[in-house]
Amino acid sequence: MSTAQPAQMMTFDDNALLAHLVGEHDQHLDRIERRLGVRLIARGNQVSIDGPASSVEQARIVLSTLYDRLRRGMDIDQGEIDAVLRIAPSKHGDARTPEAPLPLWQDQAPLKTRKRQINARSVTQRTYIQALRDHDLVFGLGPAGTGKTYLAVAAAVDMLMSGQVQRIILSRPAVEAGERLGFLPGDLKDKVDPYLRPLYDALHDMLPADQILKRLGNGDIEVAPLAFMRGRTLAHAFVILDEAQNTTPVQMKMFLTRLGEGSRMAVTGDLTQVDLPRGTQSGLKDALDTLEGVEGVATVRFGEDDVVRHLMVQRIVHAYNARDRDRAAAREALGAEPDPTP
């Protein structure tokens, strides 16, 4: 059980960086205080930490990690603070010293886009970014809010800007596996765009609007429903398939075999959110089973602890997962058949 201890002091060697660490009106310290249950007071080039011993140690790890990020020339905001807060409790009690920063941003270059540089905000994201750089085909699996699609788009933009690929192709199954769009009003673009909006949103977070329009116009960036991929060979491109759990095995095989010379492919999805008719196997699940162990293929699985959106999203995902585990346990206790795997 944690016990209270005298306030601990941390000393920092750069007052200018410490001011950024503290945040305007101490907002960064306030956030750490609320999450860890400690009291932080900045005076001069020192920060005092008061609270239970285990929480004090976590606070020291958080502060040293954020300060290390600032020393590397990177900014910190609410997202980075939350990222370190998620990881620090799991590192409490290991061999690292309290002042040793977590290796979240060390020895890994950020993904560079025209608007911003993007770094990992969880250990799994770090693994995912490296996989996107090192493998021809990467499967990113996990719940909403873990950054699996956003980071794939960021990696694509980074490679386009650096000349490693010549174009970006973003795709999703529209509406459902059958892609029945005829009942919607408007022309084809009007029908398709709402289902591709998350991909456009990610692009707008990374590139100026005029650059997006220009690159969409000249074909450097293409956003299209999955049905438009049939019969094509996609060379020298970074190709992303989002919401892949809603493909059929036939569609998934068609998409994966579009991969051409000098191309990379990222396939993202959440196998707990399959919208296919009951009894229809997900093409994503089929591909994972079929391609296990194939050279050049990487699979990165995100969990509820990797959710990097609003803290409430993490709590919501946790609550749903807990409910599903309880239901599965209840069915098992009654001797009922489990739900079929997607």
Side-chain angles (χ1 to χ4, degrees), residues 1-111 116-127 129 145-147 303-315:
M1 182 176 180
S2 297
T3 58
Q5 63 177 14
Q8 300 287 308
M9 301 297 297
M10 290 188 69
T11 302
F12 300 87
D13 56 10
D14 189 321
N15 284 1
L17 293 182
L18 179 57
H20 290 291
L21 176 64
V22 170
E24 188 175 355
H25 305 302
D26 292 351
Q27 61 179 349
H28 294 162
L29 296 188
D30 290 344
R31 191 169 191 83
I32 298 169
E33 285 180 331
R34 290 196 303 271
R35 290 287 296 275
L36 296 182
V38 296
R39 187 180 182 206
L40 304 175
I41 300 175
R43 292 194 182 95
N45 67 334
Q46 293 185 318
V47 175
S48 69
I49 313 171
D50 192 13
S54 61
S55 297
V56 167
E57 182 174 341
Q58 290 173 22
R60 293 171 77 98
I61 293 172
V62 169
L63 291 171
S64 63
T65 301
L66 293 171
Y67 187 73
D68 179 67
R69 177 179 172 85
L70 291 169
R71 293 186 67 172
R72 292 170 184 273
M74 297 181 280
D75 293 330
I76 61 172
D77 59 17
Q78 176 179 313
E80 276 70 41
I81 294 169
D82 287 346
V84 180
L85 285 166
R86 278 191 299 273
I87 300 169
S90 66
K91 296 301 181 184
H92 167 59
D94 68 8
R96 74 176 65 250
T97 61
E99 279 78 16
L102 298 168
L104 184 56
W105 299 293
Q106 297 173 22
D107 304 321
Q108 185 180 64
L111 295 170
R116 55 184 302 194
Q117 294 187 355
I118 297 169
N119 294 91
R121 290 185 172 180
S122 74
V123 173
T124 309
Q125 282 195 354
R126 178 185 171 93
T127 301
I129 290 173
T146 52
E304 59 190 55
D305 292 338
D306 295 305
V307 174
V308 295
R309 288 184 190 163
H310 193 286
L311 181 60
M312 279 304 303
V313 176
Q314 189 177 54
R315 293 171 181 167

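Because only heavy atoms are used, hydrogens play no part in the values below, and waters and symmetry mates are left out as well, while side chains stay in.
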Exercise. Tell me the salt bridge (Lys or Arg N to Asp or Glu O under 4.0 Å) pairs involving residues 18-29, sequence neighbours left out?
Worked result: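 Salt bridge (Lys or Arg N to Asp or Glu O under 4.0 Å) check on residues 18-29 returns no pairs.
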For this session: For the pair Val47 and Met9, evaluate side-chain contact (heavy atoms from CB on, under 4.5 Å) and give the outcome as yes or no after the intermediate values.
Result: CA-CA 6 Å; Val47 175; Met9 301 297 297; over 6 Å; no
For this session: Applying side chain to side chain donor-acceptor pair (under 3.5 Å), name anything that partners Gln46, two or more places apart in sequence or on another chain.
Result: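 Gln46 satisfies side chain to side chain donor-acceptor pair (under 3.5 Å) with Thr11 once adjacent residues are dropped.
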Which heavy atom of [X] sits nearest to which heavy atom of [Y], and what is that distance?
X: Val38; Y: Ala59; result: CG2-CB, 4.2 Å
X: Gly37; Y: Pro52; result: O-CD, 3.8 Å
X: Ala42; Y: Val22; result: CB-CG2, 3.9 Å
X: Gly303; Y: Thr146; result: O-CG2, 3.8 Å
X: Gly44; Y: Leu18; result: O-CD2, 3.4 Å
X: Leu63; Y: Leu40; result: CD1-CD2, 4.5 Å

Nearest 0.5 Å, what's the [atom1]-[atom2] distance between [X] and [Y]?
X: Leu66; Y: Met74; atom1: CG; atom2: CE; answer: 10.5 Å
X: Asn45; Y: Asn15; atom1: CG; atom2: CG; answer: 5.5 Å
X: Ile49; Y: Gln8; atom1: CD1; atom2: CD; answer: 7.5 Å
X: Asp30; Y: Arg39; atom1: CG; atom2: CZ; answer: 11.5 Å
X: Leu29; Y: Leu21; atom1: CG; atom2: CG; answer: 6.5 Å

Exercise. Does the side chain of Ser64 reach to within under 4.5 Å of the side chain of Met10, using non-hydrogen atoms?
Worked result: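 A side-chain contact exists here, since the closest heavy-atom pair is under 4.5 Å.
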Exercise. So do the side chains of Asn119 and Pro110 get within less than 4.5 Å of each other, counting heavy atoms only?
Worked result: yes
For this session: Determine, for Asp68 against Arg72, whether the closest basic-nitrogen to carboxylate-oxygen distance falls under 4.0 angstrom.
Result: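 Answer for the salt bridge query: yes.
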Problem set entry | SB check Asp75 Arg69 (cutoff 4.0 Å) | no
For this session: Could you tell me which residues satisfy salt bridge (charged side-chain N to carboxylate O under 4.0 Å, His left out) with Arg71, sequence neighbours excluded, listed by chain and number?
Result: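 Arg71 satisfies salt bridge (charged side-chain N to carboxylate O under 4.0 Å, His left out) with Asp13 once adjacent residues are dropped.
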Problem set entry | Backbone of Leu36 reached by a side-chain donor or acceptor of Ser55 within 3.5 Å | yes
Problem set entry | Main-chain N/O of Gly79 paired with Asp82 side-chain donor or acceptor, under 3.5 Å | no
Exercise. side-chain contact (heavy atoms from CB on, under 4.5 Å) between Val56 and Asp50: does it pass, once the steps are laid out?
Worked result: CA-CA 7 Å; Val56 167; Asp50 192 13; 5.9 Å; no
For this session: List in chain and number order the residues that pass side-chain contact (heavy atoms from CB on, under 4.5 Å) with Arg43, two or more places apart in sequence or in another chain; answer none if no residue qualifies.
Result: Ile41
Problem set entry | Those residues that, when tested against Asp77, pass side-chain contact (heavy atoms from CB on, under 4.5 Å) (two or more places apart) | Glu80, Arg121
Problem set entry | Pairs involving residues 26-65, ordered by first then second residue, that meet ring pair (Phe, Tyr, Trp, His ring centres under 6.0 Å) (sequence neighbours left out) | none
Exercise. So which pairs with a foot in residues 35-70 pass ring pair (Phe, Tyr, Trp, His ring centres under 6.0 Å), sequence neighbours left out?
Worked result: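 Of all non-adjacent pairs touching residues 35-70, those that pass ring pair (Phe, Tyr, Trp, His ring centres under 6.0 Å) are Phe12-Tyr67.
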